[in-house]
Amino acid sequence: MGVNGVGVTGTVGIFGGAFDPPHNGHVALAREAIDHFALSRLLVCVVADPDHKTVETQPQVRLTLAELAFAALDEAEVSLDLFGRTVDSLEALDLADPVFLIGADELAAFPTWTRPDRVLELARVGAATRPGTDVHALEGLVAALSQPERIELFPIRPLTVSSSRVRERVARGLPIDDLVPASVAAEIERLGLYRTT
Ligand code: ATP
């Protein structure tokens, strides 16, 4: 099957992140986006060297963790994304009207991304609201963008988990079983990841 989805019906979703590590919030977002947008495929892109954050865990390790985390989702295809900027990933993927998925906190930063107008030409954006999201403020932000109709907020079951919280808990020797899939917790333990941050 070609990456441009030739011969495949249905909408393709793209979910990019550092996934350092992937957690239950990421999986919940993916699961609910598959339902909400009736996705036939979900490309999970592990960004090797994100523009906007420092990541110390090797890309290949994060790729393995993401493969484990999303293994339960039939639609998910996990790969390494060598572009630091979303606009470049989308240009390279060259998909017909995909949905690029983000958490609502990322949407707040969307106007500061490289070429947000071009991003909206290349993809619709699906923004999942998470705990503490000020939906009102986001609606105002969306209305001020060039193509507000290309952005859709969708609520997901709130899960207060972040990769930083997982890393902090591991560093403090605390359990993370409620925060990440069991296979991810086992691999973090096996590789001795995040013990010092
Ligand atoms: P960190 O804590 O290191 O900043 P993170 O948990 O935000 O990491 P990323 O890999 O940076 O994880 O996030 C990838 C995407 O997942 C982003 O669009 C982010 O908004 C979204 N996301 C992260 N945590 C959640 C959550 N609990 N619920 C829904 N979306 C989330």
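Below, each value reflects all heavy atoms present in this structure, side chains not excepted, and no hydrogens, waters or symmetry copies. Indexing begins at 1, ligand by ligand and atom by atom, following the structure's order.
Ligand 1 has G16 within reach: a non-hydrogen atom of the residue lies less than 4.0 Å from it. Close to ligand 1: I156, with a non-hydrogen atom less than 4.0 angstrom away.
When all heavy atoms of A185 and D177 are compared, the pair lying nearest together is CB-OD1, 4.4 Å. The two atoms that bring A69 and P181 nearest to each other are CA-CG, 4.1 Å, heavy atoms only.
Contact annotation for L29 and ligand 1: only side-chain heavy atoms (C-beta onward) come within less than 4.0 Å of the ligand. Neither the backbone nor the side chain of R165 has a heavy atom within less than 4.0 Å of ligand 1. Of all the heavy atoms of D20, none lies under 4.0 Å from any atom of ligand 1, so neither backbone nor side chain is involved.
When each atom of ligand 1 is checked for a heavy atom of S163 under 4.0 Å away, the hits are 1 (P), 2 (O), 3 (O), 5 (P), 6 (O), 8 (O), 12 (O). Within the listing of ligand 1, atoms 15 (C), 16 (O) sit less than 4.0 angstrom from a heavy atom of F15. Ligand 1 places these atoms under 4.0 Å from at least one heavy atom of F19: 10 (O). In summary, the atoms of ligand 1 found under 4.0 Å from a heavy atom of I102, numbered by their order in the structure, are 18 (O). The atoms of ligand 1 that sit less than 4.0 Å from any heavy atom of D105 are 19 (C), 20 (O).
Ranked by closest heavy atom to atom 4 (O) of ligand 1, the top entry among K53, R167, E32 is K53. Looking at H26, E168, H23, R62 and measuring to atom 12 (O) of ligand 1, the nearest heavy atom belongs to H26.
Between the side chain of R165 and the backbone N or O of T160 there is at least one donor-acceptor pair closer than 3.5 Å. Checking side-chain atoms of R62 against main-chain N and O of P22 turns up no donor-acceptor pair under 3.5 Å.
To the nearest 0.5 Å, atoms CG (L95) and CG (L43) are separated by 6.0 Å.
Under the 4.5 Å side-chain heavy-atom criterion for grouping Ile, Leu, Val, Met, Phe, Trp and Tyr, L73 is connected to F37 within one hydrophobic cluster. In the hydrophobic cluster analysis, where Ile, Leu, Val, Met, Phe, Trp and Tyr join through side-chain heavy atoms closer than 4.5 angstrom, V46 is grouped apart from F83. The same ILVMFWY cluster, assembled from side-chain heavy atoms under 4.5 Å apart, contains both V142 and I102.
Using cut-offs of 30° and 60° on the angle between ring planes, the pair H23 and H26 is parallel. Relative ring orientation between F100 and W113 is described as perpendicular, the plane-to-plane angle rising above 60° on a 0-90° scale split at 30° and 60°.
Remark: ligand 1 and E106 share no N or O pair separated by less than 3.5 Å (distance only, no angle test). Residue-to-ligand polar distances keep G17 apart from ligand 1: every N/O pair is separated by 3.5 Å or more. The shortest N or O to N or O distance between A18 and ligand 1 is below 3.5 Å. Taking any N or O of G103, backbone or side chain, at least one lies under 3.5 Å from an N or O belonging to ligand 1.
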